[in-house]
Amino acid sequence: MKAFIDHDHMDMLQDQNLCTRLLNWYNASHRDLPWRKTGNPYAIWVSEVMLQQTQVKTVIPYYERFLQRFPSVNELAAADLEDVLMVWSGLGYYSRARRLWEGANYILQHLNGQMPGDYDGLLRIPGIGDYTAGAIASIAFGQRIPAIDGNVKRVLSRLLAWNEPVETVRSLRRFKERLLAWQSVENPGDFNQALMELGAMVCTAAKSACGCCPLADVCRGFLGGEALLYPLKKPKTRRKDITRLTFVLRKGNKIYVQKRPAKGLLAGLWEFPGSEIEDSDGQSPNDGLPDISRDEYMVHFQKALADRGFDLLAEEQFRRGVILHGPIWYTFSHRRWKIIWVIIDLPEPRSPFPLRETEGDYSSNSKDEYSEISRWVSLENSGQTPLPVAFSGIYESLQSELTSSLQELE
DNA sequence: AAGTCGGGGTT
DNA sequence: AACCCAGACTT
């Protein structure tokens, strides 16, 4: 009896009619998204990279801005990475921006500026993995190949009542086999998008609108009355709490920021200098401010800044005693920062000569910014420096402090 | 196979 | 809070 059901179910999934039904549903009710109005493989590439781990609603304004600023592979390749990061800032996962830029340069140098037209070629480009290669190949070039994202994993796991974690290679392999047998020959790109659209609009994570689903009558999860049991997932590792002692060097209304390394956390963005303090394994939430001695401040300060030019002034302030601000909690995917900060006020320069490290100097397209590792950004205008959202709490606190001090002057 | 990489939207 | 999101890459 069970074997009969399995066989019957397989037949249903391989039924051309089912694929047609999915496409009909998609054609009738899909959202009108910007990247669905173009056949330009570059634009689709940009959209797919932005959509990695990022919701459609969040991506749309970034997508429009990015294409306006970098309309083609050539123009992206010719741009400074700094400018690409500027447009990307706020979107997160900043290595995506760097790899997109690297990918454009790769295409320009090795492929004569022409995007690869198939899965295998696309897969070699930085930032294009299994999913994105399949998505671009099918959507922009009509190649018949699956594109399995989180939506598709959820839809398939419910459709098949898949009783294994969906992240494993085994699950992925089985899903690919299934989709390859099922995928539309005439329009494989729409087929892939239809599955994702179904996952985004109907077969959603927390609830699911099975009453509106065009596949409900063959969905094992729904027929068994337990669609929400799926997808099965492996348990996740817990987030680590890390205290980040942050130093705000202030000169009038300007704040000192330095560039983070090209790889790793917040790669290539500009930060307030800081030093991480591992919260001792104790599982105490430790919501208060840590007790830091003057000597410890100096050790952290020297670890945080490469520039030794501020050591004397900083030490003097630490000796006099400092006010520890915060904490502000900020959560990443894999860690949680307890941000605390001290403000170190520096004397304003007496000379009328402009500072070398200012935004104004930088923006005058001088191309020798490779060595630039620090800047002074003004609190009123930080629009030329990609800053992480993690520090926006500190930033706003400084801005409001500035505003109120200006009001006192009146 | 597990860990590293953001930020925002949802329950 | 926890979970999710049109994942890729490193270890």
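Treat the numbers as computed from the prediction; the structure is a model and nothing was measured. Here is the naming used below: chain letters follow the sequence lines, and residue numbers restart at 1 for every chain.
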Listed partners of A:D311 passing salt bridge (Lys or Arg N to Asp or Glu O under 4.0 Å), at least two apart: A:R308
Sugar-phosphate only, base, or nothing, as touched by A:W337 at under 4.0 Å among non-hydrogen atoms: nothing
Partner residues of A:F222 under the ring pair (Phe, Tyr, Trp, His ring centres under 6.0 Å) criterion, sequence neighbours left out: none
Nearest-0.5 Å distance that lies between atom CD in A:Q183 and atom OG in A:S138: 6.5 Å
Value in whole Å for how far the C1' atom of B:dT4 lies from NZ of A:K240: 11 Å
Table of protein N/O atoms under 3.5 Å from nucleotides 9-11 of chain C N/O atoms:
{"residue": "C:dC9", "atom": "OP1", "partner": "A:G127", "partner atom": "N", "Å": "2.4"}

Length of the CD-P vector between A:E102 and C:dA8, whole Å: 16 Å
Mutual orientation of the aromatic rings belonging to A:Y330 and A:F332 [parallel < 30°, tilted 30-60°, perpendicular > 60°]: perpendicular
Rounded P spacing from C:dC3 to B:dG3 in Å: 15 Å
Value in whole Å for how far the C1' atom of C:dA6 lies from CG of A:L179: 14 Å
Touch class at under 4.0 angstrom, heavy-atom based, for A:T237 against every strand present: sugar-phosphate
For atom CG of A:L232 and atom P of C:dC4, their distance in whole Å: 11 Å
Atom-to-atom span, CD of A:E48 to P of C:dA8 - whole angstrom: 9 Å
Sugar-phosphate only, base, or nothing, as touched by A:R170 at under 4.0 Å among non-hydrogen atoms: nothing
Integer-rounded Å distance: C:dA2 C1' and A:R336 CZ: 12 Å
Shortest non-hydrogen contact between A:S72 and A:E75, atoms and distance: OG-OE1, 2.9 Å
Rounded distance in Å between the C1' positions of C:dT10 and B:dG7: 22 Å
Touch class at under 4.0 angstrom, heavy-atom based, for A:V169 against every strand present: sugar-phosphate
Ring-ring centroid check A:Y256 A:F310, cutoff 6.0 Å: yes
Sugar-phosphate, base or nothing in reach of A:T132, heavy atoms under 4.0 Å: sugar-phosphate
Output field: ring centroids A:F391/A:W341 closer than 6.0 Å: no
Sugar-phosphate only, base, or nothing, as touched by A:R31 at under 4.0 Å among non-hydrogen atoms: base
Parallel, tilted or perpendicular, as decided by the 30° and 60° cut-offs, for the rings of A:F318 and A:F301: perpendicular
A:R65 to A:Y62, cation-pi by 6.0 Å centre distance and 45° axis angle: yes
Nearest-angstrom distance, P atom, C:dA8 to B:dG8: 22 Å
Sugar-phosphate only, base, or nothing, as touched by A:L33 at under 4.0 Å among non-hydrogen atoms: base
Distance below 4.0 Å between A:K236 side-chain N/O and C:dA2 OP1 or OP2: no
Residue closer to the 5' end of DNA chain C, A:D149 versus A:R239 (nearest nucleotide): A:R239
Interatomic distance at P, B:dT4 relative to C:dA6, whole Å: 24 Å
Those residues that, when tested against A:T237, pass side chain to side chain donor-acceptor pair (under 3.5 Å) (two or more places apart): none
Separation of B:dT4 P from A:R238 CZ (nearest whole Å): 14 Å
A:E167 CD - B:dG3 C1' separation (whole Å): 14 Å
Under the salt bridge (Lys or Arg N to Asp or Glu O under 4.0 Å) test, residues paired with A:E177 that sit two or more places apart: A:R174
Base versus backbone protein contacts along nucleotides 6-11 of chain B [heavy-atom cut-off under 4.0 Å; B, S, -]: BBBS-S
